[in-house]
Structures are given as structure tokens and as C-alpha cells.
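Okay, structure first, notes after.
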Amino acid sequence: MEMVERPAGFWIRLAANILDGLLISGTVFILGAMIGFDGTTRDGVDGLLNLLYGLLLPVFWYGYTVGKRLCGIRIVMLDGSNPGIGAMLLRVVVAGFVYLITLGIAVIVSAFMVAFRKDKRSIHDMLAKTYVTYQKPEEINPYQEA
């Protein structure tokens, strides 16, 4: 098994998730008020944007979301590489389904896993072969030849 370097624990991950939630929900709330969304439409748009944001942004931004970037943490694969769309689908969609069918019990188990496991990996990390770390992505020098 690959080595997990500088794993991020429960509280910093919670802070990043709260920041991401405020960003998306706040944006949808403001736009919804300006455009005139009703509550149901606003909830649907909020859910869709949260899904796309959590699924795509880490793929295109070295494992970061805005909240994770502000907290100095990011999602990486076990080998240290950046997550791809397949890993993020497992992490977000499949794990979301697992959390749903267990009626939230798996969410509680995941929280305890992040709090108490040495590698700080949760159920969705196990499914996607990822972890959350303080390690920054390797700097890319655009002037360096391949």
C-alpha cells in the first residue's frame, strides 16, 4: 500500500466543507433571489451545483475545492497523484449512494474514521483510493523541457 503523507483530520476537513457549502448555497441563494427562483427550484439548482462543484473542481484544480484551498488541504490519490474523474465519481456519487442507503449511519462511521484512523481516510476515501492531505501539488515549471 502507498504511503499516506500529512493526512488532514476531521476539523480541518469539516471547516473546508462548511466553506464550500456557504460558497455554493450563498451563491445560489443570491442568484435565486435576483432571478426569482422558488424554494424548490433553488434547492434543485443548489443540489446540482454542489454535485458538479464537488465532482469536477478537484479534477481540474489539483484536488482542491475553494474551501479546501482556503484551508490548505486537497484530495489526492494514494500514489500522490491528482484525482481523475473516475476517482471523483466514486468519491462523490457512489459514496453518496452508500451514505443514502445506510440512512446516514455510514456518514457517522466516516466521521469517526477521519477522527481516529492514523491515515484519516473515510469510507468515500476507501472507495475512491484517495485521501485528503496538507501536501501541496508539485510545482510545475512552464519553462522546463519535458
Side-chain angles (χ1 to χ4, degrees), residues 1-140:
M1 183 169 126
E2 291 85 358
M3 182 149 156
V4 174
E5 295 185 36
R6 301 181 57 211
F10 177 80
W11 293 111
I12 194 71
R13 289 172 68 159
L14 178 63
N17 283 329
I18 289 170
L19 289 171
D20 285 331
L22 288 172
L23 174 71
I24 296 296
S25 296
T27 302
V28 170
F29 180 81
I30 291 168
L31 289 175
M34 291 170 51
I35 296 171
F37 289 159
D38 63 12
T40 305
T41 303
R42 187 170 35 237
D43 289 347
V45 170
D46 187 55
L48 180 63
L49 282 179
N50 266 308
L51 174 67
L52 293 174
Y53 174 86
L55 187 65
L56 298 176
L57 192 56
V59 172
F60 295 111
W61 198 22
Y62 306 103
Y64 288 114
T65 61
V66 173
K68 282 181 176 56
R69 181 67 189 236
L70 290 172
C71 291
I73 60 176
R74 69 189 188 103
I75 303 163
V76 295
M77 301 301 296
L78 284 176
D79 65 5
S81 64
N82 297 319
I85 191 69
M88 292 310 298
L89 280 167
L90 286 170
R91 190 179 160 88
V92 175
V93 178
V94 175
F97 183 70
V98 169
Y99 294 148
L100 181 68
I101 64 171
T102 61
L103 305 176
I105 293 170
V107 173
I108 296 166
V109 171
S110 277
F112 278 99
M113 290 171 70
V114 172
F116 297 113
R117 286 177 56 98
K118 186 175 180 178
D119 66 4
K120 308 295 184 192
R121 294 178 68 217
S122 65
I123 292 172
H124 55 271
D125 288 315
M126 300 288 187
L127 287 169
K129 295 182 174 59
T130 61
Y131 69 102
V132 179
T133 182
Y134 287 98
Q135 190 133 3
K136 298 196 179 323
E138 294 194 23
E139 295 296 321
I140 300 169

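Just so you know, residue 1 is the first one in the sequence shown, and it goes up from there. Because the structure is a prediction, the values reported are computed rather than measured.
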Can you name the closest pair of heavy atoms from Ala8 and Arg13 and give their distance?
-> O-CD, 3.4 Å

Does a side-chain N-to-carboxylate-O contact under 4.0 Å join Arg117 and Asp125?
-> no

To the nearest 0.5 angstrom, please state how far the CG atom of Leu22 sits from the CG atom of Asn17.
-> 11.0 Å

Mind checking the CD1-CE spacing from Ile123 to Met113? Nearest 0.5 Å is all I need.
-> 5.5 Å

Gap separating the CG atom of Leu55 from the CG atom of Asn50, nearest 0.5 angstrom | 12.0 Å

Do Ile85 and Leu56 come within less than 4.5 Å of each other through their side chains, counting heavy atoms only?
-> yes

Shortest non-hydrogen pair, Ala87 vs Ala128, comes out as O-CB, 3.3 Å

Stepwise side-chain contact (heavy atoms from CB on, under 4.5 Å) check, Arg74 with Val132 | CA-CA 5 Å; Arg74 69 189 188 103; Val132 179; over 6 Å; no

Report the distance from atom CG of Leu23 to atom CG of Leu19, rounding to the nearest 0.5 Å.
-> 8.5 Å

Using modelled atom types only, decide if a donor and an acceptor are shared between the side chain of Ser110 and the backbone of Ser122 within a distance under 3.5 Å.
-> no

Residues Val92, Leu51; criterion side-chain contact (heavy atoms from CB on, under 4.5 Å); working and verdict = CA-CA 8 Å; Val92 175; Leu51 174 67; 3.7 Å; yes

Working to the nearest 0.5 Å, report the span between OH of Tyr64 and CD1 of Ile75.
-> 11.5 Å

Which value, rounded to the nearest 0.5 Å, describes the distance between Leu90 atom CG and Lys129 atom NZ?
-> 8.0 Å

Under 3.5 Å, is there a donor-acceptor pair between the Tyr53 and Asp20 side chains?
-> yes

Leu52 and Leu57: side-chain contact (heavy atoms from CB on, under 4.5 Å), yes or no, with the steps?
-> CA-CA 8 Å; Leu52 293 174; Leu57 192 56; over 6 Å; no

Take Tyr62 and Lys136 through the test side-chain contact (heavy atoms from CB on, under 4.5 Å) and record every step on the way to the result.
-> CA-CA 9 Å; Tyr62 306 103; Lys136 298 196 179 323; over 6 Å; no

Note: Val114 and Gly9 closest approach over all heavy atoms is CG1-C, 3.6 Å

Shortest non-hydrogen contact between Tyr99 and His124, atoms and distance | OH-ND1, 2.7 Å

Just checking, Arg6 and Tyr134: is the charged tip under 6.0 Å from the six-membered ring centre and within 45° of the axis?
-> no

Heavy-atom closest pair (Lys68 atom, Gly63 atom, distance to 0.1 Å) is CD-O, 4.1 Å

Taking all non-hydrogen atoms of both residues into account, name the closest pair between Arg91 and Thr130 and its distance.
-> NH1-OG1, 3.1 Å

